[in-house]
Asker: 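Below you'll find the structure I mean.
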Amino acid sequence: QVQLVESGGGLVQAGGSLRLSCAASGRTFSIYDMAWFRQVPGKEREFVARIDWNVARTNYADSVKGRFTISRDNAKSTVYLQMNSLKPEDTAVYYCAAVRSYYCGAYGCYDATMYEYWGQGTQVTVSS
């Protein structure tokens, strides 16, 4: 089992920045690919960004490319999401997720159903 706890959400004005953190505990953090998803009421959970277990590769949704940066520190068992130039449409609950790297293969996982473990979510609200 892996436990994930997100932090860093809050209220920010459009154009501002936030940094989300996700602290993992339990099994060996470094074998897991990590991702951030987000969800607004009435919509499906949406992929935001992912990072390989060994930081070899990162991928982003087109809607956040160039504004968000995912990173991880395996020594601290933590994954981060730096969000810059925030827009009102970024408002959502942001979730951290983990999946064992070998489940996803060379291409990585982008579908929420592929992820094994989830945090409780942190609210991000961007005002216009």
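Any value given below was found using the heavy atoms of this structure, including those in side chains, with hydrogens, waters and symmetry copies removed.
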Asker: Just to verify, which of Ile31, Thr28, Asp33 counts as forming a side-chain contact (heavy atoms from CB on, under 4.5 Å) with Arg100?
Answerer: Ile31
Asker: Roughly how far, to the nearest 0.5 Å, is the CG atom of Leu11 from the CD atom of Gln123?
Answerer: 9.5 Å
Asker: What is the distance from atom OH of Tyr117 to atom SG of Cys96, rounded to the nearest 0.5 Å?
Answerer: 13.0 Å
Asker: Does the Tyr60 side chain pair with the main chain of Ile70, one donor and one acceptor, at a distance under 3.5 Å?
Answerer: yes
Asker: Can you tell me if Asn74 uses its side chain to pair, donor with acceptor, with the backbone of Trp53 under 3.5 Å?
Answerer: yes
Asker: Please check this pair: side chain of Thr122 against backbone of Gly9, looking for a donor-acceptor N/O pair closer than 3.5 Å.
Answerer: yes
Asker: Show the nearest heavy-atom pair for residues Arg45 and Ala112, with the distance to one decimal.
Answerer: CB-CB, 4.5 Å
Asker: Give a yes or no on whether Tyr32 and Phe37 share a hydrophobic cluster (residues Ile, Leu, Val, Met, Phe, Trp, Tyr; joining criterion: side-chain heavy atoms under 4.5 Å apart).
Answerer: no
Asker: Please report the shortest heavy-atom distance between Gly8 and Leu18, naming the atom on each side.
Answerer: O-CD2, 3.8 Å
Asker: Mind checking whether Cys22 and Trp36 have side chains closer than 4.5 Å, heavy atoms only?
Answerer: yes
Asker: Any heavy-atom pair between the side chains of Val124 and Thr91 that's under 4.5 Å?
Answerer: no
Asker: For the residue pair Ala92 and Gln39, what are the closest heavy atoms and their distance?
Answerer: CB-O, 3.5 Å
Asker: Please tell me whether Leu86 and Leu20 are part of a single hydrophobic cluster in this structure, the criterion being side-chain heavy atoms less than 4.5 Å apart.
Answerer: yes
Asker: With hydrophobic residues grouped by side-chain heavy-atom distances under 4.5 Å, do Tyr115 and Ile51 end up in a single group?
Answerer: no
Asker: Counting only N and O atoms by type, is there a donor-acceptor contact under 3.5 Å from the side chain of Gln120 to the main-chain atoms of Val5?
Answerer: no
Asker: Tell me, yes or no, whether the heavy-atom count around Lys65 atom NZ, taken from other residues, nucleotides or ligands under 6.0 Å, exceeds 12.
Answerer: yes
Asker: So if you build clusters from Ile, Leu, Val, Met, Phe, Trp, Tyr with side-chain heavy-atom gaps below 4.5 Å, do Met34 and Tyr95 land together?
Answerer: no
Asker: For Ser128 and Ala14, which heavy atoms make the closest approach, and how far apart are they?
Answerer: CA-CB, 4.4 Å
Asker: Give a yes or no on whether the backbone of Ser127 and the side-chain of Gln13 come within a donor-acceptor separation of less than 3.5 Å.
Answerer: no
Asker: Would you confirm whether Gln82, through its side chain, and Arg19, through its main-chain N or O, come within 3.5 Å as a donor-acceptor pair?
Answerer: no
Asker: Checking Cys104 against Val99 for the side-chain contact (heavy atoms from CB on, under 4.5 Å) test, could you report, in this order, the C-alpha distance in whole Å, the side-chain angles of both residues, the deciding distance, and whether it holds?
Answerer: CA-CA 8 Å; Cys104 298; Val99 61; 3.6 Å; yes
Asker: Could you walk me through whether Glu6 and Tyr94 pass the side-chain contact (heavy atoms from CB on, under 4.5 Å) test, one step at a time?
Answerer: CA-CA 8 Å; Glu6 301 100 334; Tyr94 283 71; over 6 Å; no
Asker: Where is the tightest heavy-atom contact between Arg38 and Ser63, given as atom of each residue plus distance?
Answerer: NH2-OG, 3.4 Å
Asker: State yes or no: do Val79 and Phe68 share one hydrophobic cluster built from I, L, V, M, F, W and Y residues joined by side-chain heavy-atom distances below 4.5 Å, directly or via other members?
Answerer: yes
Asker: Give every residue pair that meets the salt bridge (Lys or Arg N to Asp or Glu O under 4.0 Å) criterion with at least one member in residues 67-88, sequence neighbours excluded.
Answerer: Arg67-Asp90
Asker: Considering all heavy atoms of both residues, which atom of Met114 and which atom of Cys109 are nearest to each other, and what is their separation?
Answerer: CB-SG, 3.7 Å
